[in-house]
Amino acid sequence: MGGYDDSMRIIAHIDMDAFFASVEEHANPHLRGTPLVIGADPENGRGRGVVSTASYAARAYGIHSAQPISQAWHLSEEAARRGKPCVVFLPVDMELYADVSRRIMNVLRESVGCVEEASIDEAYLDMSSLKDFGDTEACITGIKRSITKEHGITASVGIGPNKLIAKIASGRNKPDGFTVISREDVATFLEALSVREIPGVGPKTENVLNHKMIFTVRELKKIECEVLVQWFGKWGSALYAKARGIDDDPVATVRELSSIG
Ligand SMILES: [Mg+2]
């Protein structure tokens, strides 16, 4: 098996934009473009539970996923007072989203072969056999177009030499983004980011780093591995590698992982 060589690998990360909301808009064309929140019942502002997904029109009101649904309801009321359309609240229809997801993943597998379903709306594709970033871009552009045509959903794509870089890249230009980070550009790309943009860095790690006056990946890279291990234990050495864009994690197909369903 002999390890993975980043000089050979090309990985794409595809992330559907506002997936649940986009699926609902495609299934109910009269909702297209309206502020849409998928999640718990708002019960006129007294509802418990959270927002699962907000459409981009709803995000313009300050609504975002994981926010309390009552807060989303109040933001909708506030927007209405300014003469803007009210938010349409819908319950989660997981069966529908899972079905659309399954069909999209099948298209990905048919076109690429090596596909890891990272979640219901995210996948990693190993494009290494194409040997060329330009050819990869062309292939993914075609896939992106067919998803939009078939399901009315846009996706944001990141292409890079490994899963870590592809994942960060796909988050850079949402929605409908397309960000390609070549091997030569990895260091420059990462150094400009805030530490929070490294996958796995949550509010806790960010807080610790910020207290030590470390805000960007460039600043993080000045810290020795041993020091990061003192601060964070095992996670410190993982963080050290991530700050340098190092990631050997292979794209694992469902078949290799398990046989659920
Ligand atoms: Mg998504």
Side-chain angles (χ1 to χ4, degrees), residues 11-28 31-40 49-67 69 72 87-109 111-112 115-127 140-160 162-181 193 196-202 249 251-252 254:
I11 309 296
H13 181 248
I14 299 191
D15 184 2
M16 308 320 150
D17 300 318
F19 184 58
F20 296 177
S22 305
V23 171
E24 293 287 0
E25 284 183 48
H26 190 64
N28 309 284
L31 293 176
R32 211 165 287 167
T34 59
L36 201 58
V37 166
I38 319 300
V50 296
V51 174
S52 287
T53 306
S55 71
Y56 280 86
R59 292 180 198 193
Y61 294 172
I63 298 172
H64 56 82
S65 49
Q67 190 174 49
I69 201 77
V87 169
V88 174
F89 289 88
L90 292 176
V92 176
D93 184 352
M94 201 50 86
E95 218 171 297
L96 172 64
Y97 315 147
D99 179 56
V100 174
S101 170
R102 206 154 31 236
R103 288 194 286 159
I104 291 172
M105 297 297 176
N106 284 339
V107 169
L108 297 182
R109 265 189 295 271
S111 358
V112 178
V115 177
E116 176 180 334
E117 295 181 31
S119 75
I120 193 166
D121 71 334
E122 271 177 66
Y124 291 99
L125 316 178
D126 193 331
M127 312 291 287
I140 299 287
T141 302
I143 292 173
K144 208 159 130 36
R145 220 173 267 148
S146 78
I147 293 173
T148 305
K149 194 172 160 216
E150 191 80 11
H151 301 286
I153 290 169
T154 62
S156 292
V157 172
I159 297 174
N162 57 47
K163 284 164 75 174
L164 171 72
I165 300 301
K167 165 92 179 170
I168 300 173
S170 73
R172 292 306 288 168
N173 282 307
K174 290 177 126 310
D176 205 18
F178 205 115
T179 305
V180 182
I181 306 297
L193 303 180
R196 184 61 190 271
E197 289 181 79
I198 298 177
V201 174
D249 195 25
V251 172
V254 173

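Whatever order the structure lists them in is the order used to number ligands and atoms, beginning at 1.
Within the 4.5 Å cutoff, the side chain of D93 has heavy atoms near those of the E24 side chain. Put simply, the side chain of F19 reaches to within 4.5 Å of the side chain of I120, judged on heavy atoms. Side-chain contact between S111 and I143 is present, with at least one heavy-atom pair separated by less than 4.5 Å.
In summary, K174 and D15 engage in a salt bridge, as defined by a charged side-chain N under 4.0 Å from a carboxylate O. At a threshold of 4.0 Å, the pair E197-R172 counts as salt-bridged, since one of the basic side-chain nitrogens sits closer than that to a carboxylate oxygen.
For the Mg ion (ligand 1), the set of protein N/O/S atoms nearer than 2.8 Å consists of D15 OD1, M16 O, D121 OD2, ordered by chain and number.
Note on ring orientation: taking the six-membered ring where Trp is involved, the planes of H13 and Y124 are tilted (angle from 30° to 60°).
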